[in-house]
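Remember, predicted model here, so these are calculated numbers, not experimental data.
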Amino acid sequence: MQSKTLLLAGKKSVLLIFCIFIIAPGRFEQNLSRGVEGMIEKMTYTYLNPKIALMGPGCVNGIGTHAKDLGGTKALIVSGKSRHGKELAADIRRILERAGIEAAIFPGADPNPTDTSVMEGADIYRKENCNMIVAVGGGSPMDCAKAIGIVVYNGGRINDYEGVGKVTRGIPPLITVNTTAGTASEMTSFTIITDTERHIKMAIVDPRITPDVAVNDPELMVSMPPALTAATGMDALTHAVEAYVSTMATPTTDAAAIKAIELISKYLPEAVLHGEDIRARDMMAHAEYLAGIAFNNASLGYVHSMAHQLGGFYDLPHGVCNAILLPYVEMYNKQVCPERFADIAKAMGEKVEGLSPDEAADKAIDAIKKLAAEIGIPSGLKELGAREEDLELLAENAMQDVCRLTNPRELSKEDIIEIYRKAL
């Protein structure tokens with residue numbers, strides 16, 4: 001690659017190179033690229049996914065066999081702190097014990113997992129002499145489990161690994177049992193951890209932390225309350241949309257993203273309204289996994305960069321922040337790739353025949369807003385406690401977040417402040 005291909009300087013260049021060739025390689029179209037001059041003529045595509053994915057009702061009962069295949073003899077089960085999280089952990093321990101695998105439970109994953117809980121979990125892993133990790137719950141236990149694995153195999157503090165490609169020794173064997181249909185953390189190479197001193201969310205991205213076995217059993221999802229179903233579903237939609245317009249999208253990630261958008265548009269309202277509908281839950285599990293395939297290999301954009309700051313600063317639910325920000329960020333992005341948003345509009349069931357690309361792109365934004373309103377997403381960030389006086393700091397932090405690198409349009413600090421302001 002000639003040096004003129006990359007214009008980003010210093011750490012940004014290193015980060016972008018890593019993302020292109022290791023994390024989410026893909027095409028850099030001239031009209032979508034930011035900070036890239038010309039076209040990259042030759043590219044090797046590397047797709048990162050778990051070795052095994054279990055899908056369908058009752059599939060969780062197979063984890064004991066897979067744990068033994070991974071060489072596990074004693075697992076650290078990582079769950080949330082709620083009573084439901086602890087009950088899930090107890091159920092997983094029984095499944096593992098039936099397969100002859102001992103287990104210790106760490107019910108310490110915060111809703112926005114913190115650096116302090118990660119270090120506590122790593123201490124328990126060592127004290128209990130575990131040799132594998134099983135996470136159960138939503139994205140929080142998954143992210144916490146990955147981060148615990150990083151610390152126990154690589155040493156230091158989890159804060160040392162913020163950024164891309166800093167994990168040198170991998171993590172212990174990891175099985176992730178997902179109980180929500182949103183984050184896709186059960187299958188990605190991302191973990192998001194809150195730095196409790198700086199009050200920001202750290203994005204840690206490395207192929208070495210991709211789980212070995214990802215489990216999506218819809219029977220474990222029927223107990224999700226409507227508000228959580230809505231928030232996690234919109235998180236999945238955000239993954240799919242951002243991956244589809246990413247500067248590193250490929251035909252493979254496009255296919256996954258568009259199908260995810262179709263499924264979410266059709267089945268999310270049903271899952272919110274009728275949580276016991278096992279087909280709706282199963283289709284949402286497939287949708288969030290497809291969205292995970294898309295963004296795990298094409299990365300994300302400014303919606304996530306901005307949502308991470310809200311979650312870290314105010315301790316807000318990630319999916320809700322994404323849902324509120326999504327249409328406002330994409331109103332900026334559609335100006336550079338309206339044809340992509342026309343595809344999104346069609347996937348969401350909008351009729352775009354005879355419309356110009358710009359008009360069709362507007363249909364996509366309207367469809368996103370309509371879906372969010374239908375399932376009860378709050379109308380603005382102010383309702384969640386966000387404050388006008390904090391917007392400049394939030395914007396500064398968003399401009400440092402790794403997810404921004406593949407946004408289809410470069411945004412200035414002033415642009416980000418304005419988006420936050422509109423979303424209030």
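Ion pair D362/K334 flagged as a salt bridge, since at least one NZ, NE, NH1 or NH2 atom sits closer than 4.0 Å to an Asp/Glu carboxylate oxygen. Here K166 does not pair with D160 in a salt bridge; the nearest charged N to carboxylate O distance is not below 4.0 Å. Taking the charged nitrogens against the carboxylate oxygens, K369 and D366 have no contact shorter than 4.0 Å, which rules out a salt bridge. Salt bridge status for E418 with R421: present, with a side-chain N to carboxylate O gap under 4.0 Å.
Within a 6.0 Å sphere centred on CZ of R279, heavy atoms belonging to other residues, nucleotides or ligands number 12 at most. K266 NZ: 12 or fewer foreign heavy atoms inside a 6.0 Å radius.
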Just list the side-chain donor-acceptor pairs under 3.5 Å for residues 148-159, sequence neighbours left out, or say none.
residue	atom	partner	partner atom	Å
N154	OD1	T168	N	3.2
N154	OD1	T168	OG1	3.4
N154	OD1	R169	N	2.7
N154	ND2	I150	O	2.9
N154	ND2	G170	O	2.9
R157	NH2	N159	OD1	3.3
N159	ND2	D115	OD2	3.0
N159	ND2	D195	OD2	3.2

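Taking all atoms of both residues into account, the shortest heavy-atom contact from M284 to L263 is SD-O, 4.5 Å. Between A103 and L96, the closest heavy-atom pair is CB-CD1, 4.3 Å. Shown here for A145 and L174, the closest heavy-atom pair between the two residues is CB-CD1, 4.2 Å.
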Please report the C-alpha distance between R340 and E330 in whole Å, then the side-chain angles of each, then the deciding distance to 0.1 Å, and finally whether the salt bridge (Lys or Arg N to Asp or Glu O under 4.0 Å) criterion is met.
CA-CA 11 Å; R340 298 237 123 197; E330 303 315 331; over 6 Å; no
Assess whether salt bridge (Lys or Arg N to Asp or Glu O under 4.0 Å) is satisfied between E97 and R94, documenting all intermediate values.
CA-CA 5 Å; E97 287 176 344; R94 283 190 285 271; over 6 Å; no
Going through the checks in order, is the ring-ring contact (aromatic ring centres under 6.0 Å, His included) test met by F295 and F190?
CA-CA 10 Å; F295 90 84; F190 289 67; 5.3 Å; yes
Would you sort out whether E392 and K413 count as a salt bridge (Lys or Arg N to Asp or Glu O under 4.0 Å), showing the intermediate values?
CA-CA 8 Å; E392 183 170 356; K413 176 181 172 182; 2.8 Å; yes
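H199 and F313 have perpendicular rings, their planes meeting at more than 60° on a 0 to 90° scale where under 30° would count as parallel.
With respect to M142, the side chain to side chain contact (heavy atoms under 4.5 Å, CB included) criterion is satisfied by exactly one of T180, I192, T191, T176: T176.
Annotation: side-chain hydrogen bond (donor to acceptor under 3.5 Å, both in side chains) contacts of D315 (sequence neighbours excluded): N112. A search for side-chain hydrogen bond (donor to acceptor under 3.5 Å, both in side chains) contacts involving K68 returns nothing, not counting sequence neighbours.
Counted by atom type alone, S185 and T188 present zero donor-acceptor pairs between their side chains at under 3.5 Å.
The distance from atom OG1 of T253 to atom OH of Y244, rounded to the nearest 0.5 Å, is 9.5 Å.
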